[in-house]
Amino acid sequence: MSKLASLLGIRHPIVQAPMAGGITTPELVAEVSRAGALGSVGAAYMTPQAIEAICADIRARTTAPFAVNLFAPQAPKPSAPEIAAENAPVLDALRAELGLPSETAPPHVQGLFEAQLDAVLRCRPAVFSFTFGLLAPEHLRALRAASIVVIGTATTVDEAVLLEEAGVDAISAQGAEAGAHRGTFHGSFEDGLVGTMALVPQVAAHVRVPVLAAGGIMDGRGIAAARALGAAGAQLGTAFLGCPEAGISPAYRAALRSDAALRTVVTRAFTGRPGRAIRNRFTEALEGRRTPPFPEQHRRTLDLRAAAAKQGRADLMLLWAGQGAPLVRPMPARELVETLVREMWGSGSAGVW
Ligand SMILES: Cc1cc2nc3c(=O)[nH]c(=O)nc-3n(C[C@H](O)[C@H](O)[C@H](O)COP(=O)(O)O)c2cc1C
């Protein structure tokens, strides 16, 4: 058994990435974990009560290990009011198209991370993963005391070394191809746009903890390639968006199957933090414009994104996706895990992993 297998309690070197915003339903996570990979709950936008409820729901479906994921707390950056003012007319024009009144951003919730982490500690999932930074030593100590395995996210070698020094048990190395938010937390986000194929072997050479390759991996060949580059396993997000268990709207599914999936862009338009999404009219409307930082822009665009999703308007929806999106295969989660495993071994990834 490999270090990763025994660490995470899994049979296959595959992690279904956490995907916040209701995508990682209990059905998806439980099916992935039951199939012997690691299902992960993207819990960053959940209330503590919702975190406890989803953990109970998954446990009612399977005794297999699963992960819960949060965004590391950010030092709040003061936002220049003129930047929000510059954006307001553009966003309000899009709101008008959707029949929405002008902006009604919900207030910022203070101290949410602490309350979310307390919920995680009460649930005690086998694994906790996080992105966007480092954890405070007391948070890591609490997770360790609860015997929860901790995975941090790095987009550069420097970040991986910082995470290892901080005491994480494994590192998800997120290449530039990856869907959704960039995890970059040290240095400029542009410096963190390193492709998976370049990032993984460098991170693997600089840290002793197991490395999960993430970004653009869509099939078993990709997992085998990642392992050949020194990764212990792979973390796949976009590939699981094709599963019927994934909590995405029909318009999102249709966009992933369309030619639009050929064109993704790293944009701050939706949340203020760079992330890779399918290019659409929303990303184009804010292209080249400054945005308030995360999570302010996230709050300012929530109503717009929700209305667009409700109305099936893919041109104005948030369609997070990695560069591998055209390779998404619509199949149930269990079948996808089994297919990935079969393909991985068929690609010559020999030996006991
Ligand atoms: C729709 C979507 C939402 C995501 N949300 C999260 C999240 O909440 N937390 C996190 O750590 N990573 C998140 N990620 C990033 C994944 O952990 C991972 O880095 C990425 O999916 C790998 O690239 P791929 O999408 O090409 O497989 C998300 C990815 C996608 C596609």
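Just so it is clear, the values below take in all heavy atoms, side chains as well, and ignore hydrogens, waters and symmetry mates. Indexing begins at 1, ligand by ligand and atom by atom, following the structure's order.
Nearest to atom 15 (C) of ligand 1 by heavy-atom distance, out of G179, A246, A72, A325, is G179.
Note: no N/O pair closer than 3.5 Å links I23 and ligand 1 by distance alone. Considering backbone and side-chain N/O of A178, none are found under 3.5 Å from N/O of ligand 1. An N or O contact shorter than 3.5 Å links G237 to ligand 1 by distance. Looking at G216 next to ligand 1, an N or O pair under 3.5 Å apart turns up. Not a single N or O atom of T131, backbone or side chain, sits closer than 3.5 Å to an N or O atom of ligand 1. Distances between N or O atoms of P18 and those of ligand 1 include at least one value under 3.5 Å. Residue contacts with ligand 1: T238 is placed with a nitrogen or oxygen under 3.5 Å of a nitrogen or oxygen of the ligand (distance criterion only).
No side-chain heavy atom of L302 sits under 4.5 Å from any side-chain heavy atom of Y45. Between L319 and F270 the shortest side-chain heavy-atom distance does not fall below 4.5 Å. At a threshold of 4.5 Å between non-hydrogen side-chain atoms, the residues L212 and L4 count as touching. Counting only heavy atoms from C-beta outward, the side chains of N87 and Q297 approach each other to under 4.5 Å.
Residue-ligand proximity, A180 to ligand 1, at heavy-atom distances under 4.0 Å covers atoms 2 (C), 3 (C), 4 (C), 28 (C), 29 (C), 30 (C). Residue A20 has at least one heavy-atom neighbour below 4.0 Å for each of these atoms of ligand 1: 5 (N), 7 (C), 8 (O). Within the listing of ligand 1, atoms 15 (C), 19 (O) sit less than 4.0 angstrom from a heavy atom of Q174. Close contacts of ligand 1 with G215, meaning ligand atoms under 4.0 Å from a residue heavy atom, involve 22 (C), 23 (O), 26 (O). In the vicinity of L236, heavy-atom distances shorter than 4.0 Å reach the ligand 1 atoms 27 (O). Distances below 4.0 Å separate heavy atoms of N69 from the following atoms of ligand 1: 7 (C), 8 (O), 9 (N), 10 (C), 11 (O). If you number the atoms of ligand 1 from 1 as listed, the ones under 4.0 Å from a heavy atom of F71 come out as 7 (C), 8 (O), 9 (N). Counting atoms of ligand 1 from 1 in the listed order, those under 4.0 Å from a heavy atom of Y252 are 1 (C).
When hydrogens are left out, the protein atom nearest atom 17 (O) of ligand 1 is Q235 NE2, 2.9 Å; that is the closest non-hydrogen contact. The protein atom (non-hydrogen) at minimum distance from atom 16 (C) of ligand 1 is A17 CB, 3.5 Å.
Using the six-membered ring where Trp is involved, F294 and H298 have ring planes that are tilted, between 30° and 60° apart.
Judged purely by distance below 3.5 Å, without hydrogens or angles, the side chains of H181 and T271 pair a donor atom with an acceptor atom. Between the side chains of E296 and S79, at least one donor N or O lies within less than 3.5 Å of an accepting N or O. Side chains of T62 and R34: a donor-acceptor N/O pair is absent below 3.5 angstrom, by distance only. Under 3.5 Å, the side chains of R279 and T283 contain no donor-acceptor pair of N or O atoms. For the residue pair E177/T196, the side-chain donor-acceptor check at 3.5 Å is satisfied.
With a heavy-atom cut-off of 4.0 Å, M19 touches ligand 1 through backbone and side chain alike. Of all the heavy atoms of F132, none lies under 4.0 Å from any atom of ligand 1, so neither backbone nor side chain is involved.
For CZ of R313, the number of neighbouring non-hydrogen atoms (other residues, nucleotides, ligands) closer than 6.0 Å is greater than 12. Dense packing is recorded around CE of M331, with more than 12 heavy atoms of other residues, nucleotides or ligands lying under 6.0 Å away.
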